[in-house]
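Presented below is the structure to which this report refers.
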Amino acid sequence: MPNLNPLDGHENRNSLQDPVSLNVGGEIYTTTLDTLTRCRDSMLGAMFTGQMPVLRDHGGNVFIDRDGKVFRYILNYLRSSSLDLPDGFAELSLLRREADFFQIRPLLEEICRYEASVPLGLRGGPLGAMIVVNVYSKVRVLHFNLRHGPENYELRTCSVRAFSVDLFCTWRAFMALLCERFSYRTPQGLASPSPYNPTNNRLKLEWVPRPDELPRDQYDKQRYRELTVCYPEPAQSDDILDTHRNPSDIADMQGFVEELLKVSLAEGFKVDLVTPDPAEILNCTSLRLVKC
């Protein structure tokens, strides 16, 4: 049990000397005053320069009632001014919260840069997160005039297949990833889809692949859009991560389901339910995946 009679500022300054032993949430650390006061305007800086009282446990260690496991990364940052995290580190949100509690501003900035550079799948994510997908398609018949010359038109008929996907995901960061990977091809260029109801974590995709027999101007006249998938290719240059988008058209629903499975399985999801036939997953009408 910690000593609940804190030392005042004068006693604090006089009692603290190297090496300093810390009890952080039950984890014992040993370091120096120079390390702990590296960021003078932080809470640790205030505690170990006598500006704030400290508690001690029965072993004489300075007691801090915070998460002891992630404190090692905070202490290592103060030692080296470098954020060193293991591959697949899944406690980034907790580390950010602890860095904010201790008011270590340079560390918070490093965490933000780290988050921007690390793929979503390496940031962890909530276990049990769920994706529910329902897919639909229907054939439409178009009649249009094909112009051969002045006052020379030919009536043409063409069938197109319209695809629609209703997707629900409990993990909003994954929803954002999908909006990065899938894009609409429009006359103005690529356009990212966006959740039509972000508070409900829902995304609706609608697209119509253009058949060869349908002229581009007639396709655009109907305000149809093609769907593409883009996989960023990282290119390191001058320590800045650059990405190049190489869009590929989604020609049918099987192609969409295949690409969705690639993205979701890479992020730790597992197939939980396939309707109507689990053996024909690419021809499913509904699909459920759960993050394990």
Gap between atom CD of E259 and atom CG of L178 - 0.5 Å precision: 11.5 Å
When you compare the side chain of E154 with that of H148, does any pair of heavy atoms fall below 4.5 Å? yes
Does E27 use its side chain to pair, donor to acceptor, with the backbone of V24 at less than 3.5 Å? no
Holding to side-chain contact (heavy atoms from CB on, under 4.5 Å), I want the full list of residues that pass it with R225, two or more places apart in sequence or in another chain. Y184, T186
Indicate whether any N or O donor in one side chain lies under 3.5 Å from an N or O acceptor in the other, for Q254 and N283. yes
Given the rule in the side chain to side chain contact (heavy atoms under 4.5 Å, CB included) test, do I250 and T228 qualify, once you have shown the distances and angles that lead to the verdict? CA-CA 5 Å; I250 304 294; T228 70; 5.7 Å; no
Taking the basic N atoms (NZ, or NE/NH1/NH2) and the acidic carboxylate oxygens, is any pair closer than 4.0 Å for K291 and E267? no
With a 4.5 Å cut-off on side-chain heavy atoms, are R56 and V62 touching? yes
Lys/Arg-Asp/Glu bridge criterion (N-O < 4.0 Å) met for D249, R185: yes
Polar side-chain atom of R97 near backbone of F101 as donor-acceptor pair, under 3.5 Å: no
Take atom NZ of K262 as the centre, draw a 6.0 Å sphere, and report whether it contains more than 12 heavy atoms from other residues, nucleotides or ligands. yes
Closest heavy-atom pair, T30 versus P19, reported as atoms and distance to 0.1 Å, is CG2-CB, 3.8 Å
Please tell me if the side chains of P215 and L146 come closer than 4.5 Å, counting only heavy atoms from C-beta onward. yes
Residues passing the side-chain contact (heavy atoms from CB on, under 4.5 Å) test with L273, sequence neighbours excluded, are T275, R288
Just by distance, do the side chain of R140 and the backbone of V160 share a donor-acceptor pair under 3.5 Å? no
Side-chain heavy atoms of V263 within contact of F174, under 4.5 Å: yes
Might you work through the ring-ring contact (aromatic ring centres under 6.0 Å, His included) test for W207 and F256, ending with a clear yes or no? CA-CA 11 Å; W207 76 99; F256 171 80; 5.7 Å; yes
Closest non-hydrogen contact found for N201 with R172 is OD1-NE, 2.8 Å
Considering all heavy atoms, the nearest P211-S159 contact: CG-O, 3.9 Å
Where the side chain of R40 meets the backbone of T37, is there a donor-acceptor pair that is under 3.5 Å apart? yes
Please examine the side chains of L261 and V271, heavy atoms only from C-beta on, and report whether any two atoms are closer than 4.5 Å. yes
R147, CZ: over 12 other non-hydrogen atoms inside 6.0 angstrom: yes
Would you say V165 ends up clustered with Y224 if hydrophobic residues are merged whenever their side chains have heavy atoms under 4.5 Å apart, either directly or through other cluster members? no
Rounded to the nearest 0.5 Å, how far apart are CG of D166 and OG of S286? 11.5 Å
Heavy-atom pair of closest approach, residues C39 and S42: O-OG, 2.7 Å
What closest approach, in Å, do D277 and V274 show between heavy atoms, and which atom pair accounts for it? O-CG1, 3.7 Å
Testing the 3.5 Å rule here: is there a donor-acceptor pair between the side chains of D84 and S82? yes
Going through the distances and angles, do L85 and L92 end up as a side chain to side chain contact (heavy atoms under 4.5 Å, CB included)? CA-CA 9 Å; L85 300 176; L92 202 57; 3.8 Å; yes
Tell me whether W171 shares a hydrophobic cluster with F182, the cluster being built from Ile, Leu, Val, Met, Phe, Trp, Tyr side chains joined at under 4.5 Å. yes
Where do D272 and L289 land on the side chain to side chain contact (heavy atoms under 4.5 Å, CB included) test, with the steps shown first? CA-CA 5 Å; D272 183 59; L289 302 101; 5.9 Å; no
Do N76 and I74 have side-chain heavy atoms sitting under 4.5 Å apart? no
Out of curiosity, does Y136 fall in the hydrophobic cluster containing I281 (side-chain heavy atoms, cut-off under 4.5 Å, transitive links)? no
Decide side chain to side chain contact (heavy atoms under 4.5 Å, CB included) for I28 and N61; before the verdict, give the C-alpha distance in whole Å, the side-chain angles of both, and the deciding distance to 0.1 Å. CA-CA 8 Å; I28 305 299; N61 305 299; 3.9 Å; yes
Which atom of G45 lies closest to which atom of Q51, heavy atoms considered: O-NE2, 4.2 Å
Grouping I, L, V, M, F, W and Y whenever their side-chain heavy atoms are under 4.5 Å apart, do V135 and V208 come out in a common cluster? no
So, R96 and E98, do they make that salt bridge, N to O below 4.0 Å? no
Quick check for you: to the nearest 0.5 Å, what is the distance between T285 atom OG1 and M253 atom CE? 10.0 Å
Is a side-chain donor or acceptor of T157 paired with a backbone partner of H143 at a separation under 3.5 angstrom? no
Atom pair CD1 (I104) and CD (E110), whose distance is rounded to the nearest 0.5 Å: 12.5 Å
May I ask whether Y77 and L33 are part of the same hydrophobic cluster, defined by side-chain heavy atoms of I, L, V, M, F, W, Y residues being less than 4.5 angstrom apart, directly or through others? yes
If we only count heavy atoms from C-beta on, is the L167 to R202 side-chain gap below 4.5 Å? no
Are any of the side-chain heavy atoms of N145 and R156 separated by less than 4.5 Å? no
Give, for atom OG of S192 and atom CZ of R181, the distance between the pair rounded to the nearest 0.5 Å. 12.0 Å
Supply the atom-to-atom distance N23 CG to F63 CZ, rounded to the nearest 0.5 angstrom. 5.5 Å
Can you list every side chain to side chain donor-acceptor pair (under 3.5 Å) pair that touches residues 211-223, not counting sequence neighbours? R216-E226
